[in-house]
Amino acid sequence: MSNDTTKTAPGPILLSDALKTFEALWSPRIVARVNDYDVRISKVRGEHVWHVHEDTDEFFLVLDGTLDIQLRETDGERTVTLARGAVFVVPRGTWHKPSAADGASVLFFEPSGTPSVGDRHDEVPGHVDVTTGHALGS
């Protein structure tokens, strides 16, 4: 007897291959979904925009390069530097601005539909894609 709710799992995705499918910076691609969360990858260089996610934490994993994340916290500003392989979670409600002077590749976990520029943000520069993520290969 078949179960109509059973899904066939897609094949594995090699992140290095997925990163080769696009060139756009600060324009995340969705590589998988886990429950109600997107697993997104992005190529980054230069500065993003100061922004805040009011209702969700934001998980970063640096796949290649170095990523700096400036944070505005109650006791002042600080910068967290993430090397390849490092993870960091920006707590919900924390203003932050990622940047990568020499470029980086980053993996994020965010609830599906989360805008790349948060719920509130400074003026968005032209090189930052305002999106909830693009399908891989688009």
Side-chain angles (χ1 to χ4, degrees):
M1 178 178 235
S2 71
N3 181 345
D4 291 337
T5 61
T6 302
K7 294 182 181 179
T8 302
I13 296 171
L14 189 59
L15 294 177
S16 59
D17 288 346
L19 285 161
K20 293 175 187 173
T21 67
F22 65 98
E23 292 300 320
L25 299 175
W26 300 110
S27 184
R29 300 305 194 262
I30 300 168
V31 295
R33 288 213 164 87
V34 179
N35 298 316
D36 297 331
Y37 280 76
D38 290 342
V39 179
R40 302 176 185 176
I41 57 172
S42 189
K43 293 179 180 181
V44 301
R45 181 181 301 277
E47 294 185 346
H48 195 263
V49 62
W50 279 104
H51 66 284
V52 63
H53 302 277
E54 297 290 356
D55 298 317
T56 186
D57 300 336
E58 188 170 14
F59 173 93
F60 292 85
L61 164 62
V62 176
L63 301 171
D64 193 37
T66 301
L67 182 73
D68 291 322
I69 304 175
Q70 291 176 270
L71 304 163
R72 290 181 182 155
E73 299 172 314
T74 54
D75 56 349
E77 288 188 13
R78 70 177 171 124
T79 300
V80 174
T81 300
L82 305 175
R84 180 179 181 190
V87 299
F88 184 74
V89 175
V90 175
R92 70 189 70 198
T94 302
W95 281 86
H96 59 288
K97 181 172 77 168
S99 64
D102 296 323
S105 298
V106 182
L107 181 139
F108 310 85
F109 280 100
E110 295 180 304
S112 298
T114 299
S116 59
V117 295
D119 302 308
R120 292 184 292 136
H121 51 80
D122 287 352
E123 184 175 337
V124 179
H127 69 276
V128 172
D129 185 10
V130 177
T131 181
T132 56
H134 299 285
L136 191 60
S138 64

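Linking ILVMFWY side-chain heavy atoms closer than 4.5 Å, directly or via other members, places V89 and V39 in a single hydrophobic cluster. The hydrophobic cluster containing I30 does not contain V34, counting ILVMFWY residues as joined when their side-chain heavy atoms lie under 4.5 angstrom apart, directly or transitively. Neither Y37 nor L61 shares a network with the other; the hydrophobic side chains, linked directly or stepwise wherever heavy atoms of I, L, V, M, F, W or Y lie under 4.5 Å apart, form separate groups for each. Cluster membership check: I41 does not share its hydrophobic cluster with F88, using side-chain heavy-atom separations under 4.5 Å among Ile, Leu, Val, Met, Phe, Trp and Tyr. Under the 4.5 Å side-chain heavy-atom criterion for grouping Ile, Leu, Val, Met, Phe, Trp and Tyr, L63 is connected to F22 within one hydrophobic cluster.
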Could you give me the CA-CA distance, side-chain angles and deciding distance for T114 and H53, then say whether side-chain contact (heavy atoms from CB on, under 4.5 Å) is met?
CA-CA 8 Å; T114 299; H53 302 277; 3.5 Å; yes
Go through V117 and H48 one step at a time and tell me if the side-chain contact (heavy atoms from CB on, under 4.5 Å) criterion holds.
CA-CA 9 Å; V117 295; H48 195 263; 4.1 Å; yes
Before you tell me yes or no, could you show the steps for L82 and I69 under side-chain contact (heavy atoms from CB on, under 4.5 Å), namely the whole-Å CA-CA distance, both residues' side-chain angles and the distance that decides it to 0.1 Å?
CA-CA 8 Å; L82 305 175; I69 304 175; 3.8 Å; yes
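The backbone N or O of G103 lies less than 3.5 Å from no partner atom in the side chain of K43, so there is not a single donor-acceptor pair. Checked by atom type and distance alone, the side chain of R78 never pairs as donor or acceptor with a backbone atom of G76 at under 3.5 Å. Between the side chain of D38 and the main chain of R33, no donor-acceptor pair closer than 3.5 Å is present. No donor-acceptor distance shorter than 3.5 angstrom exists from the side chain of T81 to the backbone of T66, with no hydrogens or angles considered.
At most 12 heavy atoms of other shown residues, nucleotides or ligands fall within 6.0 angstrom of atom CZ in R84. Sparse packing is recorded around CG of N35, with 12 or fewer heavy atoms of other residues, nucleotides or ligands lying under 6.0 Å away. In the displayed structure, D17 atom CG is contacted under 6.0 Å by more than 12 heavy atoms of other residues, nucleotides or ligands.
Smallest separation of non-hydrogen atoms from T132 and G113: CG2-O, 3.2 Å. In terms of heavy atoms, K97 sits closest to E47 at NZ-OE1, 3.2 Å.
Taken to the nearest 0.5 Å, the CG atom of L67 stands 12.0 Å off from the CG atom of D102. Note: D55 CG to D119 CG = 6.0 Å, rounded to the nearest 0.5 Å.
At a threshold of 4.5 Å between non-hydrogen side-chain atoms, the residues P125 and V49 count as touching. Using a 4.5 Å heavy-atom cutoff, the side chains of P115 and V130 are not in contact. Between D68 and S99 the shortest side-chain heavy-atom distance falls below 4.5 Å.
If you look at F60 and F108, their ring centroids are closer than 6.0 Å.
Of the options D129, V44, V106, a side chain to side chain contact (heavy atoms under 4.5 Å, CB included) to W26 is made by V44 and by none of the others. Just one residue in the list R120, H121, H96 forms a side chain to side chain donor-acceptor pair (under 3.5 Å) with H51, and that residue is H96.
Other members of the cluster containing W50 are V52, W95, with ILVMFWY side chains joined at under 4.5 Å, either directly or via other members.
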